[in-house]
2 protein chains.
Amino acid sequence: MSPELRADAQRNRAAILAAASETFAEHGPKATTEQVAIRAGVAVGTVFRHFPTKQALLVAIMKESLHRLIAKAAESTLFDFMTEIVDEAVRTQTVVAAFTGPQLDIRDALMGLTEEMRRLLEQAKDAGEVRSAVQVDEVMALLTAAAQAAQQGGWSVDLRRRTLAIIFKGLAP
Amino acid sequence: MSPELRADAQRNRAAILAAASETFAEHGPKATTEQVAIRAGVAVGTVFRHFPTKQALLVAIMKESLHRLIAKAAESTLFDFMTEIVDEAVRTQTVVAAFTGPQLDIRDALMGLTEEMRRLLEQAKDAGEVRSAVQVDEVMALLTAAAQAAQQGGWSVDLRRRTLAIIFKGLAP
DNA sequence: TCCAAAGATGAGTCTCCACTCAGGTTGCGA
DNA sequence: TCGCAACCTGAGTGGAGACTCATCTTTGGA
């Protein structure tokens with residue numbers, strides 16, 4: 001589909017993605033393009049050759065974050081998965097940014113995450129761990145709220161566990 | 001304490017505070033100083049004469065927001081108060097900004113809010129509406145999380161009610 | 001090996017915004 | 001009423017950060 005990239009271009013693109021992933025995870029979306037370029041061992045112009053805008057690069061990273069999460073959902077349970085996502089949000093700022101991102105591509109990935117949540121939710125209901133009246137949007141709302149606040153408020157592991165415990169009790173029958 | 005302001009200066013200061021309150025409530029902390037100045041019918045220089053930095057002005061507004069909330073706590077119950085705060089957060093962006101603000105002055109006001117929450121929490125425990133094991137920091141964490149997410153996610157009234165209902169159930173005995 | 005096209009470079013442009021200050025205006029005490 | 005200190009004004013300064021592009025370098029097919 002894409003007209004083959006030259007070898008050096010491929011190398012640089014990979015380096016930029018890796019660097020952006022780390023940089024945005026660490027400093028959030030407000031990290032500069034130059035920070036990414038330096039970390040990738042490349043000039044700013046090169047970053048813009050591969051990604052037309054900083055936003056486009058960010059979106060690529062956020063999608064990657066979400067897809068990594070979605071992949072983990074397969075072999076998990078609702079409560080474990082929610083815990084994992086909140087923990088991941090504290091680790092990498094990109095996750096929370098993705099939850100708030102208005103970009104179309106991200107909306108799609110978020111929809112994918114929602115689908116997985118729906119599946120885990122049904123599973124939890126069948127196991128009698130969650131009230132049958134609970135809806136997915138409520139679970140997603142609670143999840144994004146906890147993830148966002150945990151990250152921005154610098155919640156300790158302990159506080160995260162206790163807060164989630166209250167939420168889980170709220171979901172239980 | 002302060003050396004009397006001239007009449008016009010007093011008028012302008014009041015206009016600036018009112019304008020800033022509306023502007024920041026509407027557009028959040030990223031609103032520009034010039035937007036505030038225009039709304040106050042004043043030149044930018046005047047804004048900076050009354051408040052040394054934009055941050056200082058923002059802090060003044062955020063403190064005001066918090067104190068207004070604290071005042072309402074007196075004649076409310078825990079669950080009603082939490083609902084009210086989340087609703088207010090959706091209305092005025094300043095509230096959420098205050099929850100995340102690292103400024104010292106705000107930390108003080110937040111402490112005041114925490115004290116009120118502690119009081120309402122004890123009251124709710126006595127009424128048998130909340131488990132005695134629940135701690136204030138957990139309640140504050142859940143509150144800020146819901147407020148922040150509701151505001152940034154544009155939660156509908158309905159979703160806010162349903163989400164809070166789950167949290168309340170999680171707090172109940 | 002050679003060279004044209006693809007790619008890389010990084011100083012420079014552009015835009016936005018907080019903040020300043022020289023010069024004009026106004027309130028108010030004497 | 002006068003005079004001046006307190007105020008106000010808004011064009012200008014400085015810095016940050018996204019993005020560009022003329023110029024140089026590298027790749028890979030002939």
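Since this is a predicted model, take the numbers as computed values, not measurements. Below, chains carry the letters A, B, ... as their sequence lines are ordered, and counting in each starts from 1.
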Between P on dA18(D) and CG on Leu58(A), what's the gap in Å once rounded to a whole number?
10 Å
Quick tally for nucleotides 13-25 of chain C: nucleotides whose base has a protein heavy atom under 4.0 Å get B, sugar-phosphate-only ones S, the rest -, giving ----SSBB-----
Qualifying residues under side chain to side chain donor-acceptor pair (under 3.5 Å), relative to Thr32(A), sequence neighbours excluded
Gln35(A)
Which value, rounded to the nearest 0.5 Å, describes the distance between Leu58(A) atom CG and Gln103(A) atom CD?
8.5 Å
Please report the interatomic distance CG(Leu69(A)) to CD(Glu84(A)), rounded to the nearest 0.5 Å.
7.5 Å
Could you give the CD1-to-C1' distance, from Ile38(A) to dA8(C), as a whole number of Å?
16 Å
Whole-Å distance, Arg49(B) CZ to dG10(D) P, equals 15 Å
Under 3.5 Å side-chain donor-acceptor pair for Gln148(A) and Gln152(B)
yes
Any residue in residues 7-15 of chain B with a heavy atom nearer than 4.0 angstrom to DNA chain C? Just list them by number, or reply none.
Ala7(B), Asp8(B)
Closer than 4.0 Å, any side-chain N/O of His50(B) to the OP1 or OP2 of dC8(D)?
yes
Nucleotide dG17(D), atom P - distance to NE2 of His27(A) in whole Å
12 Å
Could you tell me whether the side chain of Lys54(A) and the main chain of Pro29(A) form a donor-acceptor pair under 3.5 Å?
yes
same_hphob_cluster(Ile166(B), Leu143(B)) at 4.5 Å side-chain heavy-atom cutoff:
yes
Show, in sequence, the C-alpha distance, side-chain angles and deciding distance for Phe48(B) and Leu57(B), and conclude whether the side-chain contact (heavy atoms from CB on, under 4.5 Å) test is met.
CA-CA 9 Å; Phe48(B) 284 104; Leu57(B) 176 56; over 6 Å; no
Indicate, with yes or no, if Val96(A) and Leu159(A) share a hydrophobic cluster defined by side-chain heavy-atom contacts under 4.5 Å among Ile, Leu, Val, Met, Phe, Trp and Tyr.
no
